[in-house]
K.L.:
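After the structure tokens below, expect a handful of questions from me.
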2 protein chains.
Amino acid sequence: MTGIRRLAQHLDISIGTVSRALNGRPDVNEETRRRVLQAATELGYVPNQSGRSLRQGTTNIIGFMMQTGTEITGQGDTFFMSVFDGIQTVFARHRLDLVALLCSSSEDPDDYLKRVVARGFADGLILSATQRHDPRFEFLAKRKIPFVTLGRSLTDVGQPWLDLDFEGMAQISIDRLVARGHRRIAVTRPHDDVNLGHLFVDQSARALAGHGLALDPELIFSSLPNEAGGYQVARQLLAMTDRPTAILLVNETIAIGFYRGLSEAGVKPGRDIAIIGRQSPQSHFLSPSLTGFTLSRRDLGIALAEALLATMPAFSHLYPDADPRKVWSEDLIEGESDAHTLPA
Amino acid sequence: MTGIRRLAQHLDISIGTVSRALNGRPDVNEETRRRVLQAATELGYVPNQSGRSLRQGTTNIIGFMMQTGTEITGQGDTFFMSVFDGIQTVFARHRLDLVALLCSSSEDPDDYLKRVVARGFADGLILSATQRHDPRFEFLAKRKIPFVTLGRSLTDVGQPWLDLDFEGMAQISIDRLVARGHRRIAVTRPHDDVNLGHLFVDQSARALAGHGLALDPELIFSSLPNEAGGYQVARQLLAMTDRPTAILLVNETIAIGFYRGLSEAGVKPGRDIAIIGRQSPQSHFLSPSLTGFTLSRRDLGIALAEALLATMPAFSHLYPDADPRKVWSEDLIEGESDAHTLPA
DNA sequence: GTGAAAGCGCTAACAG
DNA sequence: CTGTTAGCGCTTTCAC
């Protein structure tokens, strides 16, 4: 005898009543409810999730899909941890649990997702690392699984998304650098087909065009979105005969490696080259200080969670005006890495 | 009509046979099995996890419990991402899925764990951030949930564990620094009651004693296990009248902040102070280069997975000589941060 | 080698 | 307000 049955027997009432009492149904005698709740605490009873899921067709679990292995993630160390924390403050209100679905680097993400969905693992999903064309979206839409993505894509099935304002970052950065006399400006982009790379490079080109300048294809540096990638970019850049005078770093993590690569050659940010990047817990400790964009990861998480809940039938009424698609703008923190002005 | 029932109807055989065919039971006609497997692929059938779990009492899921929020983890995402990747190479052989159980920073870890277990969420667990006294161990042992911990604890219920060799790091570091003429050596430790802090500080003291030296309590710096914590330590250290000549950094992430704090005061590692720390993707790009310990996170993950499986009845026969408790030693990579020798 | 049927723990519909 | 019961999808006896 185990589970709800044991609890019922212990209290000498039926399992139906126990279930109703625990699930807050109104049609239960308050005294009965009190006894049930107390006994549940005493005996440490918690409903078995499998039984409940099987019956209700829901799991109360939301999955955040991410790839494991270090080269891939691209966000800095604690990026996701902070986002998770924001998500959870929202989910806690609805007794939803967030788990990270870890797709091994040796498994195809699309296959992994299919498996997770078919198993009925989660009630909703959050996808990150959205690709320029992302088949996962279509699959989920066909299966009518609620999901939200952190990142846009050319694939559009009407799902909600949140994304950082890469166009805004590009525009502001370019305007700022041009105003300081820079004409030869480089940009970085991730090596793979993740969507943000396209957004960032394209908008940089447009912004430059607005000033009558062109984005030299030689000045688009592809890199792994990690420290080593940044170091590589620095080496490549330093080897050029006609070096850029400024560069935009699109990934958070690459600044550290990039700085190191420069310093080995005695090239100093804010004097010999202008850098605009993104703030992170690590970049905070670079010297000269980095001029870069910052955002509240926690707030981003909260918005992600609300956007997802707004698409789930069971919760949508609670989030009537959650923004289904939103570009999340970031603030520029001025540092010393682009402090100098070029002579005219 | 859905699930296995639909598949059976489609093939015009019974659901029992379908189940047996899919689960590789021997008592199935090979031709039948072939048809079932093919139909399953065509229709994209994957067994519902809740139904299966309810029946079998297992979930085929292993949970890795971690706390969200940035200050707490101390290790970066990338640390865990690499460990996960190692774990998954082992689990893939047994069709086990690894998920990260994300305990919100606002929830008590012990309560969270109870909830997860009672729900029957996972067949086994991996715990990190082990505390000096960790009630989670006793709880899991009582419930007979297989688990392994990344980190030791004074709490001992006979569970398997893996841990980094903090004593070895302390001993080697101290010996090395003393040999270079250092007598006044500082150590860091995490601010909370995580077990590794105790191990590291205690062994440092013993190692010093071996050289006839004492660990000055003033030279034990508690810090948040992140970049900001390292910066704080540097500030405190610089403010002292009788500064140490060397320091051991126990956390991976603090080196960056610590370097920055020093450089603001013009204090240079390897000249004005000796530093021994731990290598990480970020520390790789510090200058002067950090002398520090390194390990293969992926191999650590593999060992963790094997240690866990060795305790699970369903798999133990496959891992007869997995080491149930192992201190994982790290290699010292010589850098420039402790290059100098003190005058006698 | 296959089909029929029980039952895992739970919730919801229905009867009282 | 409470008890009884069907059935969620699946695996596993037990007959045949």
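Predicted, not measured: the structure shown is a model, and the values here were computed from it. Order of the sequence lines fixes the chain letters, A, B, ..., with proteins taken first and strands second; residue numbering starts at 1 for each chain.
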K.L.:
Specify the separation, in whole Å, of atom CG of B:N60 and atom C1' of D:dT11.
P.N.:
13 Å

K.L.:
For A:S153, check side-chain contact (heavy atoms from CB on, under 4.5 Å) against everything at least two apart and list the hits.
P.N.:
A:D134, A:F137, A:T155

K.L.:
In whole angstrom, what separates A:I15's CD1 from D:dT5's P?
P.N.:
11 Å

K.L.:
Using a 4.0 Å heavy-atom cut-off, does B:T2 contact any base of the nucleic acid, only the sugar-phosphate backbone, or nothing at all?
P.N.:
sugar-phosphate

K.L.:
Below 4.0 Å from chain B heavy atoms, what is the first contacting nucleotide of DNA chain C and what is the last?
P.N.:
C:dG1 to C:dG9

K.L.:
Counting just side-chain N and O atoms, does A:R25 come under 4.0 Å of either OP1 or OP2 of D:dC1?
P.N.:
no

K.L.:
Suppose we screen for side-chain hydrogen bond (donor to acceptor under 3.5 Å, both in side chains). Which residues come up paired with B:D110, at least two apart in sequence or across chains?
P.N.:
none

K.L.:
Quick one: B:R5 CZ to D:dC8 P, roughly how many Å, whole number?
P.N.:
7 Å

K.L.:
Within this structure, what is the CG-to-P distance between B:L22 and D:dG9, rounded to whole angstrom?
P.N.:
16 Å

K.L.:
Residues two or more places apart in sequence or in another chain: which of them pass side-chain hydrogen bond (donor to acceptor under 3.5 Å, both in side chains) with B:T89?
P.N.:
none

K.L.:
Among residues two or more places apart or on two chains, list those pairs meeting side chain to side chain donor-acceptor pair (under 3.5 Å) that have a residue in residues 90-104 of chain B.
P.N.:
A:R115-B:D97, A:R119-B:D97, B:R93-B:Y319, B:H94-B:Y319, B:S104-B:S106

K.L.:
Counting only non-hydrogen atoms, which of residues 40-52 of chain A are less than 4.0 Å from DNA chain D?
P.N.:
none

K.L.:
Which pairs count as salt bridge (Lys or Arg N to Asp or Glu O under 4.0 Å) when at least one residue sits in residues 8-21 of chain B, sequence neighbours excluded?
P.N.:
none

K.L.:
Could you list, one pair per line, each protein nitrogen or oxygen that sits under 3.5 Å from a nitrogen or oxygen of nucleotides 13-16 of chain D, together with the distance?
P.N.:
unit_1: D:dT13; atom_1: O4; unit_2: B:R20; atom_2: NH1; d: 3.4

K.L.:
Nearest-Å distance, CD1 (A:I4) to P (D:dG3)?
P.N.:
12 Å

K.L.:
Give a yes/no answer on whether the side chain of A:S14 brings an N or O atom under 4.0 Å of OP1 or OP2 in D:dG3.
P.N.:
yes

K.L.:
Angle between the two end axes of the helix from C:dG1-D:dC16 to C:dG16-D:dC1, five base pairs per end, rounded to 10 degrees?
P.N.:
50°

K.L.:
Sequence neighbours left out, what passes side-chain contact (heavy atoms from CB on, under 4.5 Å) with B:S50? Give chain and number order.
P.N.:
A:S53, A:L54, B:N48

K.L.:
Looking at A:R132 and A:D193, is any side-chain nitrogen of the basic one under 4.0 Å from a carboxylate oxygen of the acidic one?
P.N.:
no

K.L.:
Under the side-chain hydrogen bond (donor to acceptor under 3.5 Å, both in side chains) test, which residues partner B:N195, sequence neighbours left out?
P.N.:
none

K.L.:
Listed by chain and number, what are the side-chain hydrogen bond (donor to acceptor under 3.5 Å, both in side chains) partners of B:D299, not counting sequence neighbours?
P.N.:
B:S296

